[in-house]
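For reference, the structure is listed below as structure tokens.
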Amino acid sequence: MWLLCVVDALGANGIKTVMGTPTATPPIWLIKQHPEVAYLGSDGVRKNHGGRRHCCSNAPAYIDSSREIVTAMAREFAHDKNIVGWQIDNEIYSWDGCCCEFCVNKFHRYLEEKYGTIEELNRAWNLNVFSQAYDSFGEIPPAVNAWHNPHIIYEWKVFHQLSNIEFINMQAEILKKYVSAPIGTDMMPFNGLDYEKTVENLDVVMFNHYNDENNLANAIFWFDYLRTLKNTPFWNTETQTSWNGSSSTGQVMKPEGFCRLNSWLPVILGGEANMYWLFRQHHAGHELLHGALLYPSGKPFHIFGEVQQTAFEFEKAAEFISDTRVQSDTALLFTSKNWNLFETQRILNDFSYCERLMNDFHKPLIESGIVPDVIGAKKELSEYRLIFAPYMMTLEDGGLQGRLEKWVRNGGVLVAGPMCDIRNALGAHYRDADTGMLEKLTGCTLDYSIPDSSVYIKSQWTDGTPFTGKMWHELYTSCDGAQELVSVTGGHSAVVGKAVVTKVKLGKGEIILLGSIPSEDDIKKLIGIAAADAGVIPFDISGSVIAVPRKGENYEGLILAEYKNQGGTCILPRAMTDVLTGDALSGKITLTPYEIRILQI
């Protein structure tokens with residue numbers, strides 16, 4: 001963190017708030033004295049001074065200089081009453097990873113600590129194939145510029161992510177000696193950084209997003225995840241007022257009401273702050289065309305009125321929002337380990353773990369009237385009745401296997417699959433079974449895993465309606481007592497009669513094995529079945545409306561928001577009063593495009 005950028009904002013009450021925002025660009029004197037601190041790309045070329053994140057988080061000179069500057073800043077600003085928060089770095093990430101000698105040597109030490117001996121590493125990675133076995137850890141290259149074994153690519157990615165987390169923690173430890181304002185780092189969903197681990201030693205979760213009207217549901221996914229990371233509300237530290245860009249923009253004007261809704265969404269879904277980048281448009285430099293609240297001349301953008309309205313509404317609903325928290329009895333599993341595994345072995349060409357999770361499962365859940373908690377491997381499970389675990393290539397993560405089994409036996413309903421529990425923690429196949437725990441727990445046998453888009457494999461529900469599976473099929477032989485919900489009715493003779501979706505009782509709960517990526521209609525049908533079995537009651541909605549239940553010590557209610565500029569409806573479970581308008585509402589209500597209702601019981 002090298003520079004304190006002060007962002008001024010005059011609220012409706014005229015009080016100035018300030019946020020410390022350090023960035024991660026090393027000063028030119030450090031580059032000149034220690035050229036090795038600059039990022040060394042896979043092409044062997046060091047980054048020149050002037051870009052973003054061109055520094056190496058493992059370079060000793062960079063780390064030492066960072067300590068000095070962080071300490072000096074902390075001492076200088078520790079008691080400044082205008083500092084409301086400390087932001088470490090800016091959207092810290094690594095792409096292919098720095099390939100300098102410091103990184104490569106530290107990578108070797110990381111591997112030796114994890115695997116113990118080079119023989120164990122060779123065995124775990126199956127390096128006899130293609131004669132890739134190494135004689136020492138020092139022989140292992142950075143995982144770039146070759147068709148590398150997927151396991152070395154995975155470890156290279158994770159190593160650099162852990163290095164960045166270590167760099168963040170180093171700064172946080174220094175700051176905590178001096179400052180009282182909350183400390184965080186603004187994350188952005190680039191490439192599988194372990195957000196659970198990133199925020200362990202920080203005070204507040206910070207997040208940046210620039211979703212537009214075409215993919216705003218993706219922001220809902222991230223907010224559903226962020227609120228589960230700590231016991232405090234998160235901060236949305238960057239979002240657009242209108243459009244984003246640099247010296248040019250590829251975006252256009254947003255529909256009227258979008259800025260207001262986009263500003264409300266993080267607060268609706270568990271946050272306590274929404275901040276704009278930019279507040280005032282840059283008069284020179286990189287981001288001349290980035291949207292803002294004010295032009296360089298000080299004149300307001302066309303969305304100024306929406307921002308004023310939102311600020312007024314925040315103040316009016318503050319007591320209800322501050323007292324209540326989002327309530328959900330349904331969870332959707334999402335982990336850094338599986339993101340990184342899919343990055344290194346996609347199973348299917350062009351398969352994007354995060355995008356598929358959003359579109360295939362999260363979107364149908366919210367459209368079915370369920371706003372889930374999106375949870376990582378470390379989250380406590382006891383508060384949930386229903387958990388979906390799609391694309392969890394491995395369940396060997398933070399003791400998740402054992403905790404899931406215990407949770408199901410105590411009454412939970414687990415929808416597992418597709419592509420769930422089919423790899424160990426390193427991303428290798430199991431050799432004594434085809435899954436790590438699912439076959440053992442259910443008694444069902446996974447016979448075949450087949451890529452197919454319902455061209456040769458035809459399936460149907462037990463009620464006779466067709467089931468459309470996309471891209472992938474895991475076909476089971478059911479055990480005694482299992483209930484087959486979907487079976488193969490046509491295709492290769494070896495697969496006809498195999499189960500695609502199977503329900504199995506386990507203790508007081510059940511596991512539903514989902515063997516394919518369902519169509520939108522099919523996943524919504526399965527959501528209905530699983531929710532009924534778990535005792536989860538979805539809200540009765542239509543159109544693009546999210547229904548977010550909230551509860552606190554003094555207040556309870558429901559927040560509705562229309563997020564696609566199309567309108568929709570919700571049938572209220574009981575009479576409620578709109579905090580913003582004072583309207584008394586009951587029964588079926590209609591929401592206009594981008595409308596928001598803050599409803600209190």
Is [X] salt-bridged to [Y], cutoff N-O under 4.0 Å?
X: Lys337; Y: Glu396; result: no
X: Lys378; Y: Glu200; result: yes
X: Asp373; Y: Arg227; result: yes
X: Glu556; Y: Arg574; result: no

Quick check, are the ring centers of Phe361 and Tyr391 under 6.0 angstrom apart?
yes

Given the rule in the salt bridge (charged side-chain N to carboxylate O under 4.0 Å, His left out) test, do Lys588 and Asp540 qualify, once you have shown the distances and angles that lead to the verdict?
CA-CA 9 Å; Lys588 184 175 182 178; Asp540 191 343; over 6 Å; no

Any side-chain heavy-atom pair from [X] and [Y] closer than 4.5 angstrom?
X: Phe467; Y: Ser487; result: no
X: Leu175; Y: Ile88; result: yes
X: Met358; Y: Asn215; result: no
X: Pro182; Y: Trp235; result: yes
X: Thr198; Y: Ile92; result: no
X: Glu238; Y: Asn90; result: yes
X: Leu572; Y: Leu599; result: yes

Check step by step if salt bridge (charged side-chain N to carboxylate O under 4.0 Å, His left out) holds for Lys379 and Glu196.
CA-CA 9 Å; Lys379 187 74 169 67; Glu196 282 188 300; over 6 Å; no

Stepwise side-chain contact (heavy atoms from CB on, under 4.5 Å) test for Phe334 and Asp224:
CA-CA 11 Å; Phe334 165 63; Asp224 285 344; over 6 Å; no

Verify the distance criterion only: is there a donor paired with an acceptor across the side chains of [X] and [Y] at less than 3.5 Å?
X: Glu562; Y: Ser544; value: yes
X: Lys197; Y: Ser336; value: no
X: Gln240; Y: Trp277; value: no

Take the angle between the ring planes of [X] and [Y] and call it parallel below 30°, perpendicular above 60°, tilted in between.
X: Phe342; Y: Phe351; value: parallel
X: Trp243; Y: Phe301; value: tilted
X: Trp222; Y: Tyr225; value: perpendicular
X: Phe223; Y: Phe234; value: parallel

Rounded at 0.5 Å granularity, tell me how far CD1 in Ile370 sits from CG in Leu332.
11.0 Å

Could you check Asn554, Ile559, Leu580 and say which one makes a side-chain contact (heavy atoms from CB on, under 4.5 Å) with Phe320?
Ile559

